[in-house]
Amino acid sequence: QLQASGGGLVQAGGSLRLSCAASGRSFSGFAMGWFRQAHGKEREFVAAVTWTGGSTIYAESVKGRFTISKDSAENTGTLQMNSLKIEDTAVYYCAAGPMFKLVSTSITNRDGYDYWGQGTLVTVSS
């Protein structure tokens, strides 16, 4: 299971740090991703990191502002969000998927992720 936390209300330009705690199984060989879904829109890719390799990838809209990381020993991942914009307002979901599947579906494609957290709401105000 995945448990996301850390969402909240922040002013534009501020920062938030989201966490994702993984439990119940080994996630070795997996990648962890963050997706978000704004009201009335489809869920979109935000960032991903391989669980052991540390390779990262970001959506263009967050590149340079968000940083994804993981702690394999603690089985946790984080998404540090800086310089937040109003358009970053959304429910953020963490997800995990096996690399052997993600290499064919694409690490940015939500279809490749088998495990999802419950979502945490991030609201950025003006």
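Computed from a prediction, not measured in an experiment: that's the story for all the values here.
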How far does CH2 of Trp34 sit from OG1 of Thr120, to the nearest 0.5 angstrom?
-> 7.5 Å
Nearest 0.5 Å, what's the CZ-NZ distance between Phe30 and Lys101?
-> 9.5 Å
Between Ser15 and Ser83, the two heavy atoms sitting closest are OG-N, 4.3 Å
Do Phe35 and Tyr58 belong together in a cluster built from hydrophobic side chains that touch within less than 4.5 Å?
-> no
So how far is it from Arg110 CZ to Glu42 CD, rounded to the nearest 0.5 Å?
-> 5.5 Å
Closest heavy-atom contact between Ala38 and Ala90?
-> N-CB, 3.7 Å
Please check if atom CD in Gln1 has more than 12 non-hydrogen atoms from other residues, nucleotides or ligands closer than 6.0 Å.
-> no
Under 4.5 Å between any side-chain heavy atoms of Phe66 and Leu16, yes or no?
-> no
When hydrophobic residues are tied together by side-chain contacts of less than 4.5 Å, even through go-betweens, does Leu102 share a cluster with Ile57?
-> yes
Are Tyr115 and Arg25 close enough that a side-chain donor and a side-chain acceptor fall under 3.5 Å?
-> yes
Would a 4.5 Å heavy-atom cut-off, applied to side chains only, mark Asp88 and Arg65 as touching?
-> yes
Start with the C-alpha gap between Thr78 and Ser69, add the side-chain angles, then the distance that decides, and say whether side chain to side chain donor-acceptor pair (under 3.5 Å) holds.
-> CA-CA 5 Å; Thr78 60; Ser69 62; 2.6 Å; yes
Among the clusters formed by ILVMFWY side chains lying less than 4.5 Å apart, do Trp116 and Phe45 turn up in the same one?
-> yes
Flag, side chain of Ser106 to backbone of Thr108, donor-acceptor distance under 3.5 Å | yes
Does Tyr113 use its side chain to pair, donor to acceptor, with the backbone of Ile107 at less than 3.5 Å?
-> yes
Closest approach of Gly119 and Ala4, non-hydrogen atoms and distance?
-> N-CB, 4.5 Å
Side chain of Thr67, backbone of Gln80: donor and acceptor closer than 3.5 Å?
-> no
On a heavy-atom basis, the closest approach of Ala47 and Leu79 is CB-CD1, 4.2 Å
Over all atoms of both residues, closest heavy-atom pair of Asn109 and Thr105 | CB-O, 3.2 Å
Could you state the interatomic distance from CD (Gln11) to CD1 (Ile86), rounded to the nearest 0.5 Å?
-> 10.0 Å
Once you round to the nearest 0.5 Å, how far does CG of Leu18 lie from CE of Met81?
-> 3.5 Å
Would you please test Leu2 and Tyr93 for side chain to side chain contact (heavy atoms under 4.5 Å, CB included) and show each step?
-> CA-CA 9 Å; Leu2 301 178; Tyr93 299 88; over 6 Å; no
Within the distance-only criterion (no hydrogens, no angle test), does the side chain of Gln118 pair as donor or acceptor with the backbone N or O of Gln3 below 3.5 angstrom?
-> no
May I ask you to decide if Gly6's main-chain N or O and Tyr92's side chain share a donor-acceptor pair within less than 3.5 Å?
-> no
Please lay out, stage by stage, how Leu9 and Ser125 fare under the test side chain to side chain contact (heavy atoms under 4.5 Å, CB included).
-> CA-CA 7 Å; Leu9 175 64; Ser125 64; 4.2 Å; yes
Distance-only, no hydrogens or angles: does the Thr56 side chain make a donor-acceptor pair with backbone N or O of Val49 under 3.5 Å?
-> no
So which heavy atom on Val62 is nearest to which on Val46, and how close?
-> CG2-O, 3.5 Å
Atom CG in Asp114, atom CZ in Phe27: separation rounded to 0.5 Å?
-> 9.5 Å
